[in-house]
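Below you'll find the structure, written out as structure tokens, and then a few comments.
Proteins come first, then strands; the chains are lettered A, B, ... in the order of their sequence lines, and each starts at number 1. No experiment lies behind these values; they were computed from the predicted model shown.
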2 protein chains.
Amino acid sequence: MTKQRQITLKDIAQKLDISVSTVSRALRNDSAVNAHTKKAISRMAKQLNFEINQVAQSLHKKKTKALGVIVPNLTNNYFAASISGIQDMAAKKGYNVIICQSNESYEKEVNILRTLANGRVDGLLISLSRETNNYDHLQKVLYRGIPLVLFDRICNEIPVSKIVVNDYDGAFKATEHLIQLGRSRIAHIAGPEHLSISKDRLNGYRDALQKYGMNVEQELIRYSSSYEQGAVEQTNELLNLPSPPDAIFAVDDPAAIQAMMVMKERGIKIPEEVAIIGFSNDPNSAHTQPTLSTVAQPAYEIGQIATKHILDQIHQPENSISQTITLNTELVLRNSSK
Amino acid sequence: MTKQRQITLKDIAQKLDISVSTVSRALRNDSAVNAHTKKAISRMAKQLNFEINQVAQSLHKKKTKALGVIVPNLTNNYFAASISGIQDMAAKKGYNVIICQSNESYEKEVNILRTLANGRVDGLLISLSRETNNYDHLQKVLYRGIPLVLFDRICNEIPVSKIVVNDYDGAFKATEHLIQLGRSRIAHIAGPEHLSISKDRLNGYRDALQKYGMNVEQELIRYSSSYEQGAVEQTNELLNLPSPPDAIFAVDDPAAIQAMMVMKERGIKIPEEVAIIGFSNDPNSAHTQPTLSTVAQPAYEIGQIATKHILDQIHQPENSISQTITLNTELVLRNSSK
DNA sequence: TTGAAAGCGATACCAA
DNA sequence: TTGGTATCGCTTTCAA
């Protein structure tokens, strides 16, 4: 199989003995081209199997028709769903999506951002790694005039559009639900301390307790140390307390599911002894035993909305203002909190 | 915030009153550049916050340092894990990954392929949509000399490297396991008919039955019609048979989980009345009630290997031969088949 | 060791 | 309606 050289405008021009400019115009359906010429050109293009070179086009137009996406982890259902939303919306608008995962590493995030920002993409959608608590890399991208939108794992230090769910409200509702179930020692398995989602969910939890006149006990709030197995450790700590919790609100479904595994191993009855509720409505949560109550986040929609925003910014950079869009969550009650 | 113009080699050259060529050489650490000049250039580059324009570089080199990936669906755990493997390996070798989903549509797959192949990527990794049974679009890409590797959802009609698991063997082992459990009416919830994975798994199922002297009954083999809810229908059909099955081998875990839901609704005891086993070792399968037996596929590794292969082809197109790499599966026995 | 100039492929301005 | 030419930013050959 001989590697076929790429067909260019020049090839078509030479075959038809006309100029490259005319070929270019004709293929873009410029009205200032004779109908006959146009027809001949498009016929020849088809015959030669011509496909335009997007790289050359990008260089000239300074537009790549590509969006960059950086997420902590692709295998997390939440991010997979968001990306699916991003990808569908981008495709609809004629954009490609370059996806990178930071693997929860700040250093990787910085590197990826640097390479993506070098003319490869017209805009960036980012969900921050759990390690990220310095935002110079984002600031740099902004300074270079590249549109940027944060989603889910955002930070408040950077003035860009952000798409999030109402984490505070979701956490509040989840905690309130456990209270109304009659639980009195409600623990919280918290997320990485400096992430805004962790803070917001923790605050929702705290405020719900306070609204119902319950104490916020520090020993019932546990932060994870490692990402993968964090909740295992936290759950064990909670269950080992002299006075263990009778309910747990976990920062996300993976954490909740880990907690459930620990409790099952220890023979603790869910929800009779300990009720539990997660966050994110991971597909897994509908299949656990017992099925897991959770707070549903519209992941796919977040991806779509974030994409719509970045495209708006790309197409009309002048009249686009940074705004934070907060979507609502929904309590999904299942058997783990009955 | 004023949009900063992109810094180019020319800017550095002008500031230092030297030529663009020298700047280009220096930044690539060409030995034929005076050490002093080099130092001055790299200092200036840093000072101006210079980042090379990859699009211009790509145009010249005819290399984009990007790989294209097309999968049917990003939210499927199997594909998410494969992509994670692709992405990690690609990043390690300095490549970006452009990810697209065909949403199981042949038409979309063709379109995506067309746009990606236009100079955007140096190679393509594809897992075919369930609708795809014409391979002209792949042939075209091959003819244009763009390296191509198929993984998981492959076809045998195109002479390229393929990375798959031993679907036949996995299915055989799964079916054999059900037989050894003492089950006598073992059904198969099959995948889309023309996909090679469906065929191979079906054959493994058939041969296992035959090896043990059991009949292959057509009524116990059910193909899904729609993708999303296919297994629901198939399961109901099976359970409504005059003589329903006492075991089910499902083409993948999502299908198996759907089947379990149907059986639970109908009050059928798993595994006492009907044992079930899936395929792919989806993370969900460890959390279902009962936990789901399955056949584990090394999704992440498949992604890594596929990427290694495409990179080999890109770097040494001459001595790369098309080969099919078959990875082994592993039986994961849980409570749904005890 | 350095510079000038051509070229990658497409677009757009200015002339004709 | 068409063609010539400069340009996008970088690389590379040829000459100096």
Checklist line | Salt-bridge criterion met for B:Arg120 and A:Glu51 (N-O under 4.0 Å) | finding: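 A:Glu51 and B:Arg120: not salt-bridged.
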
Next item on the list: Inspect the contact between A:Glu131 and A:Lys108 and indicate whether a charged nitrogen and a carboxylate oxygen are less than 4.0 angstrom apart.
Entry: no

With respect to the side chain of [X], which nucleotide from [options] is positioned closest?
X: A:Ser19; options: D:dC10, C:dT11, D:dG4; answer: D:dG4
X: B:Arg25; options: C:dT2, C:dA12, D:dT1; answer: C:dT2
X: B:Asn53; options: D:dT2, C:dA5, D:dG9; answer: D:dG9
X: B:Ala32; options: D:dT11, C:dT1, C:dC8; answer: C:dT1
X: B:Val20; options: C:dG3, C:dT2, D:dT11; answer: D:dT11
X: A:Thr37; options: C:dA4, D:dT2, D:dG9; answer: D:dT2
X: A:Ala56; options: D:dC10, C:dC8, C:dA10; answer: C:dA10

When all nucleic acid strands are considered with a 4.0 Å heavy-atom cut-off, which category describes [X]: base, sugar-phosphate, or nothing?
X: B:Ser21; value: base
X: B:Arg28; value: base
X: B:Val55; value: nothing
X: B:Lys62; value: sugar-phosphate

Next item on the list: Record whether the side chain of B:His60 comes under 3.5 Å of the base of C:dG7 through a donor-acceptor pair of N or O atoms.
Entry: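 Such a pair is found, so the answer is yes.
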
Checklist line | Side-chain-base donor-acceptor pair under 3.5 Å for A:Thr22 and D:dG3 | finding: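 Between D:dG3 and A:Thr22, which were checked side chain against base, a qualifying N/O pair under 3.5 Å is absent.
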
Next item on the list: With DNA chain D as reference, determine whether B:Ile52 or A:Val33 sits nearer its 5' end, using the nearest nucleotide of each.
Entry: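 Result: A:Val33.
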
Check: If you count the non-hydrogen atoms of other residues, nucleotides and ligands that lie under 6.0 Å from CD in A:Gln323, is the total more than 12?
Finding: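 More than 12 within 6.0 Å, yes.
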
Check: Under 6.0 Å from the NZ atom of A:Lys38, do we count more than 12 heavy atoms belonging to anything else shown?
Finding: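 For A:Lys38, atom NZ is crowded (more than 12 foreign heavy atoms under 6.0 Å).
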
Notebook entry, point to check: Just by modelled atom types, is the A:Leu74 backbone N or O under 3.5 Å from a matching donor or acceptor in the A:Gln101 side chain?
Noted result: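 A pair under 3.5 Å: yes.
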
Item checked: Whether A:Ser58 side chain and A:Lys63 backbone form a donor-acceptor pair below 3.5 Å -> yes

Note to self: Restricting to side chain to side chain donor-acceptor pair (under 3.5 Å), what partner residues turn up for A:Lys308, sequence neighbours left out?
What the structure shows: none

What is the separation between atom [atom1] on [X] and atom [atom2] on [N], rounded to the nearest whole Å?
X: B:Gln6; N: D:dC10; atom1: CD; atom2: P; answer: 6 Å
X: B:Ile12; N: D:dT11; atom1: CD1; atom2: P; answer: 11 Å
X: A:His36; N: D:dT2; atom1: NE2; atom2: P; answer: 11 Å
X: A:Ile18; N: C:dA10; atom1: CD1; atom2: C1'; answer: 15 Å
X: B:Lys39; N: C:dT1; atom1: NZ; atom2: P; answer: 14 Å
X: A:Lys61; N: C:dC13; atom1: NZ; atom2: P; answer: 13 Å
X: A:Asp30; N: D:dG3; atom1: CG; atom2: P; answer: 13 Å
X: B:Asp17; N: C:dT1; atom1: CG; atom2: C1'; answer: 16 Å

Note to self: Just N and O in the side chain of A:Gln57: are any of them under 4.0 Å from OP1 or OP2 of C:dG9?
What the structure shows: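 Checking C:dG9 against A:Gln57, no side-chain N or O comes under 4.0 Å of OP1 or OP2.
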
Margin query: Run the side chain to side chain donor-acceptor pair (under 3.5 Å) test on A:Arg25 and A:Ser21 for me, step by step, so that the C-alpha distance in whole Å, both residues' side-chain angles and the decisive distance to 0.1 Å come before the verdict.
Written below: CA-CA 6 Å; A:Arg25 287 189 197 102; A:Ser21 334; 4.9 Å; no

Checklist line | DNA chain C-proximal residues of residues 110-120 of chain B, any heavy atom under 4.0 Å | finding: none

Item checked: Pairwise 5' ranking along DNA chain C for B:Leu59 and B:Ala35, keeping only the more 5' one ->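 Nearest-nucleotide comparison on DNA chain C picks B:Ala35.
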
